[in-house]
Amino acid sequence: MIFSAAISVAREVEGGTLARLRLTRMSSLDFLAGVSATQIVVALLSLACTLLVARALGFRSEGPLWGVFVIGALTALPVIGLGLVVASFSTTVVRAFLLANLPFMFIMFFSGAVYPMKKIAIFDVAGRAVGLFDVFPTTHAVNAVNRILTLGAGPGDIVYEIVALSVLSLVYFAAGVALFYRMHLRSS
């Protein structure tokens with residue numbers, strides 16, 4: 001999603017669409033909401049395809065699949081926010097693609113998605129250790145999806161992950177929107 005979001009927005013920058021949109025009544029919020037809605041749909045369709053292939057190959061979930069879609073939608077927002085951060089520093093599609101590799105590497109390798117990461121606790125919140133890699137939304141998404149699919153966890157069992165993902169979604173998405181607005185949408 002980082003690549004898709006960054007490239008789709010960078011394409012509009014490179015093609016001069018944003019310059020033309022500034023002449024219309026469309027607000028930056030309208031533009032970014034439209035791009036984000038499209039990216040969320042793409043993320044959920046990708047997730048559905050992944051689960052269908054897994055099922056065809058014999059995978060059976062222990063928990064409710066709708067929970068995986070909730071986690072997927074919550075995870076798409078901060079990842080789109082990261083895509084907007086990348087697009088903020090990109091004036092071409094090629095640059096967006098190249099820059100997107102850095103956050104992609106961090107959220108994939110340090111979230112536990114590729115291999116399990118040892119929790120490096122920094123502090124406690126309500127008796128729960130908050131780790132160094134908990135700043136990545138994918139850390140919470142991986143934990144929640146693993147608990148749903150393999151342990152049969154329900155919504156009550158993943159409250160911490162849902163709250164953490166919600167907070168990180170707001171922070172990352174707001175940062176991406178603010179930076180993109182500052183770099184590309186603010187009137188010169």
Side-chain angles (χ1 to χ4, degrees), residues 1-7 36 39-40 42-44 46-55 57-89 96-179:
M1 290 306 309
I2 289 176
F3 293 99
S4 177
I7 288 171
S36 300
Q39 294 299 314
I40 290 171
V42 169
L44 292 176
S46 297
L47 183 57
C49 289
T50 301
L51 290 171
L52 284 172
V53 169
R55 182 137 178 113
L57 294 173
F59 178 78
R60 300 290 180 255
S61 174
E62 296 296 322
L65 289 180
W66 64 265
V68 175
F69 284 96
V70 169
I71 297 300
L74 278 174
T75 307
L77 278 177
V79 173
I80 292 166
L82 282 170
L84 292 175
V85 169
V86 168
S88 298
F89 297 103
F97 176 77
L98 293 173
L99 289 176
N101 283 287
L102 183 64
F104 174 76
M105 178 193 69
F106 279 106
I107 66 171
M108 286 303 294
F109 290 109
F110 296 115
S111 67
V114 175
Y115 57 90
M117 295 296 297
K118 181 179 178 183
K119 186 152 190 134
I120 302 170
I122 300 174
F123 57 90
D124 290 337
V125 172
R128 185 159 187 134
V130 176
L132 178 63
F133 303 121
D134 287 353
V135 298
F136 300 125
T138 48
T139 300
H140 304 288
V142 167
N143 290 338
V145 169
N146 281 340
R147 292 178 69 195
I148 291 170
L149 294 178
T150 59
L151 302 176
D157 300 319
I158 56 169
V159 170
Y160 173 77
E161 287 84 359
I162 290 172
V163 170
L165 265 172
S166 298
V167 169
L168 289 172
S169 291
L170 290 173
V171 169
Y172 276 77
F173 191 74
V177 168
L179 189 58

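Count residues from 1 along the sequence.
Contact check for Ile2 versus Asn101: no side-chain heavy atoms found under the 4.5 Å cut-off. Between Val130 and Ile122 the shortest side-chain heavy-atom distance does not fall below 4.5 Å. The shortest side-chain heavy-atom distance between Phe110 and Thr139 does not fall under the 4.5 Å cut-off. Using a 4.5 Å heavy-atom cutoff, the side chains of Phe106 and Phe133 are not in contact. In this structure, Leu168 and Leu77 have side chains that are not in contact, with every pair of non-hydrogen atoms separated by 4.5 Å or more. Residues Val85 and Pro103 fail the side-chain proximity criterion, which asks for heavy atoms closer than 4.5 Å. Looking only at side-chain heavy atoms (C-beta outward), Trp66 and Pro155 come within less than 4.5 Å of each other. Contact annotation: the side chain of Val145 never approaches that of Thr75 to less than 4.5 Å [non-hydrogen atoms, C-beta and beyond].
The CZ atom of Phe59 sits 8.0 Å away from atom CG of Leu51, with the distance rounded to the nearest 0.5 Å. In this structure, NZ in Lys119 is found 10.5 Å from CG in Leu132, a value given to the nearest 0.5 Å. Atom OG of Ser88 is separated from atom CG of Leu82 by 10.5 Å, given to the nearest 0.5 angstrom. Taken from OG in Ser169 to CD1 in Ile162, the straight-line distance is 11.5 Å, to the nearest 0.5 Å. How far OG1 of Thr138 is from CE of Met108: 7.5 Å, rounded to the nearest 0.5 Å. Rounding to the nearest 0.5 Å places CG of Leu170 at 9.5 Å from CG of Leu74.
In plain terms, the two heavy atoms of Phe89 and Leu99 that are nearest each other are O-CD1, 3.7 Å. Across Val42 and Met1, no two heavy atoms sit closer than the pair CG1-SD, 4.4 Å. Pairing each heavy atom of Ala144 with each of Ile71, the nearest pair is CB-CD1, 3.8 Å. The shortest non-hydrogen separation linking Glu161 to His140 is CG-O, 3.6 Å. Summarising the geometry of Met117 relative to Gly112, their closest heavy-atom pair is CG-N, 3.8 Å, with the distance given to 0.1 Å. Contact between Ile148 and Ser61 at its shortest, heavy atoms only, is O-OG, 4.1 Å.
Side chain of Asn146 to main chain of Asn143: no donor-acceptor pair is present (N/O by atom type, distance under 3.5 Å, no hydrogens or angles). With Arg147 contributing its side chain and Asp157 its backbone, the two residues share a donor-acceptor pair below 3.5 Å.
The aromatic rings of Tyr115 and Phe109 sit tilted, their planes meeting at an angle between 30° and 60°. Under the 30°/60° scheme for interplanar angles, the aromatic rings of Phe97 and Phe3 are found to be tilted.
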Requested in this report: Apply side chain to side chain contact (heavy atoms under 4.5 Å, CB included) to Phe173 and Leu84, showing your working.
Outcome: CA-CA 8 Å; Phe173 191 74; Leu84 292 175; 4.2 Å; yes

